[in-house]
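Residue numbers start from 1 in every chain, and the chains themselves are labelled A, B, ... in the order their sequence lines are given, proteins ahead of strands.
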2 protein chains.
Amino acid sequence: MNIHSTEISSAQTDPGSKRELIIHATIKLISEYGFHGTPISMIAHEAGVGAGTIYRYFKDKDTLVLDIFKVVNCAFKQTLLHGYDANQTIRDRFLHLCRGIFQYGIQNPYEFKFIEQFYNSPYGTSLRREKLFCNCGDTGQDLPLEQVFAAGQAQQVIKELPQAALIALAIGPIVFLVKDSIAGLIQLDQTTINNTLAACWDAIQQETGNNRQPVITPSSPSTDKKP
Amino acid sequence: MNIHSTEISSAQTDPGSKRELIIHATIKLISEYGFHGTPISMIAHEAGVGAGTIYRYFKDKDTLVLDIFKVVNCAFKQTLLHGYDANQTIRDRFLHLCRGIFQYGIQNPYEFKFIEQFYNSPYGTSLRREKLFCNCGDTGQDLPLEQVFAAGQAQQVIKELPQAALIALAIGPIVFLVKDSIAGLIQLDQTTINNTLAACWDAIQQETGNNRQPVITPSSPSTDKKP
DNA sequence: ACAGGCGGAATGAACATTCACTCCACAGAA
DNA sequence: TTCTGTGGAGTGAATGTTCATTCCGCCTGT
């Protein structure tokens, strides 16, 4: 068997093995310095292995990072689905998923920043464009958050905005805040998290009527491109 | 006079000059590939100048990027303040600033991603931590968005959340959406922008009473760290 | 002719990757 | 049990490449 295969064996999940040491060192360093900012020599040093050892487990630096991303991204998604109940209300399902992102980010700062880095890299965006990034066991269909939005819009509980905008309104603030937390710029307590999650819900929920204010454009007349 | 000084002279703002060509090439490439991902040779080629020429205008690669960041970041802030009226309502001032970010990002995708990259780099976060990043003519005081939040909280128009959370709720979705737009994943029309801005306001505004729902924590009992 | 901006080859440092070697666990012979 | 041969994990110096930076000669305007 080729040792470079991505098949999961006991040797590949045993913590303390060279392979796991390399993976953790890579996640930690790349989350901080980025792909091009972390030489193999630095990874080897952080992992406490020889540089050559890394090439016993991974074909090259690209493969190393790509393989790790797949594993970390899948684990992240699995975490979100833990305890997820499709029979709950739209709001509760939404809060469950968003809270999951929050908690994952706080508990796994290196993995969180690693995923972030990857998604914002040229490779990440091309993956996202081709929708190839969701083959971790799920069938390539919509993410649960997108299902919640679709269901919520059908029930007129969630605003009629493009999916991308809803995702931005939900995830954007969380990613922003978690990054600040990881950077040590703020200290997140449970109350702030709860209130922020509630605010995210306020952003996407469809109000039932009364005093909705229109958004007027004061300066620019109308710069629509495609109506 | 030292040519490496950051003082602004006519030679430094004339578009079409070697210096400007280098700056624009750097912004474009670094916004796409990041600092370590863009060699000087690539910048020289993109700018259509010799590699050595870059060192006639900038001491080294670090200085090049840092100098550009200062200029771009200041220009960005100036754009936001254009047409800003401190006598408007909290909501209108908020929308003005957020709309400005949106428009700046769409009209200046390279500069936008460049700023993003920088803020998320180790250098950027340390700058943010030390609050040194706002010396572009302003007096180092709070950003206008923070002033709006403070005033809004005093008037009980804006939620009692930490400033960092309010900023995340306001800017997070916009950054998220603009990045998707730049990556070509979505097409932003003015209606979507308006509705997203309104949703951002919904996220931070203090509701006047009635049916506020509490956010309950289903699984975790209470993981507060500092009450 | 000459001063200085400019390009790009030259330079040395840092990098990704390779490879000849060491070390160790274990199987089989004695 | 002890000795010995073997295979494969592990190593880090060696290799060739790429990078940031320097330097020198060309070329243009005066």
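The distance between atom CD of A:E20 and atom P of D:dG10, rounded to the nearest whole Å, is 13 Å. Atom NZ of A:K61 is separated from atom P of C:dA16 by 4 Å (rounded to the nearest Å). Summarising the geometry, the separation between CD1 on A:I54 and P on C:dC15 is reported as 13 Å, rounded to the nearest angstrom. Computed from coordinates, the A:K18 NZ to D:dG8 P distance equals 19 Å when rounded to whole Å. In this structure, CD1 of B:I40 is placed 20 Å from P of C:dA10, rounded to the nearest angstrom. The NE2-P distance, from B:H45 to D:dC19, rounds to 14 Å in whole Å. Atom-to-atom, OH of A:Y33 to C1' of C:dC15 comes out at 17 Å; the value is rounded to the nearest Å. Separating the CG atom of B:D60 from the P atom of D:dA20 is a distance of 11 Å, rounded to the nearest angstrom.
Under a 4.0 Å N-O distance rule, the pair A:D180/B:R128 qualifies as a salt bridge.
Put simply, the side chain of A:H96 never gets that close to the backbone of A:L81: no donor and acceptor are under 3.5 Å apart.
Mapping A:T53 and A:H36 onto DNA chain C by nearest heavy atom places A:H36 closer to the 5' end of the strand.
Across D:dT11, C:dC6, D:dT21, the shortest atom-to-atom separation from the side chain of A:V49 is found for D:dT11. Of the candidates D:dG10, D:dC19, D:dT21, the closest approach to any side-chain atom of B:A51 belongs to D:dT21.
Closest approach of B:A170 to B:F149, counting heavy atoms only: CB-CZ, 4.0 Å. Annotation for A:L97 and A:V148: closest pair CD1-CG2, 4.2 Å, computed over non-hydrogen atoms.
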Given ring pair (Phe, Tyr, Trp, His ring centres under 6.0 Å), test B:Y33 with A:F35 step by step and report yes or no.
CA-CA 10 Å; B:Y33 304 112; A:F35 179 82; over 10 Å; no
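In this model, the phosphate group of D:dG10 is not approached by any side-chain N or O of A:R56 to a distance below 4.0 Å at OP1 or OP2. OP1 or OP2 of D:dG10 has not a single side-chain nitrogen or oxygen of A:Y55 nearer than 4.0 Å.
Using a 4.0 Å heavy-atom distance criterion, A:G37 is classed as making no nucleic acid contact.
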